[in-house]
Structures are given as C-alpha cells and as structure tokens.
Amino acid sequence: MSTSDYPGALAGTAERLREAFDRSFAEAQGARETAFDDLLAITVGGDPHVLRLADIQGLHANHAVVPVPSPDRRFIGIAGFRNTVAPIFDLRLVLGYPPGTPPRWLVLARGPVLVGLAFDRFDGHLRVPRAQLATGVTGEKAEPGIRGAVTVDGVVRPLIQMSAVLAAIAKER
C-alpha cells in the first residue's frame, strides 16, 4: 500500500512517519559505527601507560620465567606457553627506565615470533573512542616505543607501540 492510498492529510502524516522510522535506523547504525580502541592500562617504572589490546596475544600474572644469562640486560629469561618457549624482556628497561624489582605481569606480543614483555602492574581494560587516542611521537624527546597517548580520568597514559618496542629489541640484539 502506498501513501497515495490514504486520503488528504493522512497521506502526508504516513509519509513523515515512514521517513522518521527509516531515519531512526540509519541514525542508530551511525552511532554504532563510532570507532573505539580497546587498551590495556599498565604501569611501567611507576608511570601509567597503555597497550593496544589488538597487539597482545596473552596477559599473565606471576608466570614462571627461567633466568638465562645474556649480555642484553633487558632480557630476563625464557618462559613456556603451550609447548612453546618465548624470550621475556623487561619492558622497563626497553623503555629506558632503571631496573627495579622483578616484574609481576607479562604480555605476549601478537606477531610472527612469540615475545614476552614483563611490566610492574596491570591497571585494567580501557575502551576509548579512537578520536581520543592521540597518535604520533609525544614530547620533544620521545621515549623508545612510545607513539601517542590517551587521557583517561585526567591521567595521561603514553601509548606503547608494540611494533616499535619489538623493533628496538631486535635492533639491539
């Protein structure tokens, strides 16, 4: 049945209702398309940071790491994960922080080679609008592996770019 089948003013009302109905679905679809980034909020060397969840294969607390001698002071040792052994690096040292107590947490980087990065504290999961995440090198003297920042609840958390961290590790080995 078309709107021309309705007499007079009723046809115009039916047309407006149909357009409003169709528009409501288009608006709801647009609202769902807002891009978000899922981030892990962590503490490294006493400072807040974030990692993109998409760059992480796993998060572990108190995972056994076997110390292995190495001239690379960032290298902590190796750890086993599902029949695979991964090298574990201290993220504090990779980012230029001084050494501290043994890190409790570690993440496995998503990529072709399994690599673990140990850090001090896991603070939680954040979901922020992508527009809120400032990307690029921050500050006059950028830290190695830092490629942006996000401000959450008044706290600026530098974004650790996993590919830059892994490149820094590979470069110095």
Side-chain angles (χ1 to χ4, degrees), residues 34-173:
T34 300
F36 287 93
D37 272 321
D38 288 304
L39 307 170
L40 289 184
I42 65 172
T43 298
V44 179
D47 293 333
H49 288 79
V50 290
L51 292 164
R52 278 195 167 95
L53 191 58
D55 292 339
I56 305 302
Q57 185 172 322
L59 172 67
H60 302 273
N62 300 319
H63 196 84
V65 177
V66 177
V68 175
S70 171
D72 185 347
R73 66 185 194 103
R74 303 166 306 164
F75 180 67
I76 297 173
I78 57 173
F81 302 93
R82 297 186 186 160
N83 298 326
T84 302
V85 176
I88 309 298
F89 292 86
D90 188 332
L91 188 55
R92 286 178 298 211
L93 299 176
V94 173
L95 295 179
Y97 285 92
T101 59
R104 175 174 181 236
W105 292 88
L106 68 87
V107 291
L108 295 175
R110 185 177 306 278
V113 177
L114 195 60
V115 175
L117 299 168
F119 57 93
D120 304 315
R121 191 176 72 220
F122 170 65
D123 300 325
H125 170 262
L126 303 172
R127 175 169 253 202
V128 298
R130 189 161 292 144
Q132 188 178 334
L133 187 63
T135 57
V137 178
T138 58
E140 290 180 21
K141 181 184 169 201
E143 298 174 45
I146 302 298
R147 298 291 185 268
V150 64
T151 302
V152 178
D153 297 329
V155 177
V156 176
R157 290 180 172 270
L159 171 66
I160 299 169
Q161 185 181 34
M162 190 63 69
S163 61
V165 167
L166 296 176
I169 290 171
K171 179 181 172 186
E172 294 184 30
R173 292 196 85 206

Distance-only criterion, 3.5 Å: show the donor-acceptor pairs between side-chain atoms of residues 103-115 and protein atoms not counting sequence neighbours.
| from | atom 1 | to | atom 2 | distance (Å) |
| --- | --- | --- | --- | --- |
| Arg104 | NE | Asn62 | OD1 | 3.2 |
| Arg110 | NE | Ala54 | O | 3.0 |
| Arg110 | NH2 | Ile56 | O | 2.8 |

Under the side-chain contact (heavy atoms from CB on, under 4.5 Å) test, residues paired with [X] that sit two or more places apart:
X: Val152; result: Leu126, Val128, Gln132, Val150
X: Val66; result: Ile78
X: Pro102; result: none
X: Ala164; result: Arg147, Gln161

Are any non-hydrogen side-chain atoms of [X] and [Y] less than 4.5 angstrom apart?
X: Asp47; Y: Thr43; value: no
X: Val50; Y: Ile42; value: no
X: Ile169; Y: Leu117; value: yes

Apply side chain to side chain contact (heavy atoms under 4.5 Å, CB included) to Ile146 and Leu159, showing your working.
CA-CA 6 Å; Ile146 302 298; Leu159 171 66; 5.8 Å; no

Using the salt bridge (charged side-chain N to carboxylate O under 4.0 Å, His left out) rule, collect all pairs that involve residues 75-90, keeping only residues at least two apart or in two chains.
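Residue pairs passing salt bridge (charged side-chain N to carboxylate O under 4.0 Å, His left out), neighbours aside: Asp90-Arg92.
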
Pairs satisfying salt bridge (charged side-chain N to carboxylate O under 4.0 Å, His left out), at least one member in residues 157-166, at least two apart:
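Every pair satisfying salt bridge (charged side-chain N to carboxylate O under 4.0 Å, His left out) with a residue in residues 157-166: Asp123-Arg157.
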
Begin with the C-alpha distance, continue with both residues' side-chain angles, and end with the deciding distance and a verdict on side chain to side chain contact (heavy atoms under 4.5 Å, CB included) for Leu95 and Leu93.
CA-CA 5 Å; Leu95 295 179; Leu93 299 176; over 6 Å; no

Does His63 have its ring centroid less than 6.0 Å away from the ring centroid of Phe81?
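Yes - the distance between ring centres of His63 and Phe81 falls below the 6.0 Å cut-off.
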
Test of understanding: with salt bridge (Lys or Arg N to Asp or Glu O under 4.0 Å), list the residues that count as partners of Arg73, not counting sequence neighbours.
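Not a single residue meets the salt bridge (Lys or Arg N to Asp or Glu O under 4.0 Å) criterion with Arg73.
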
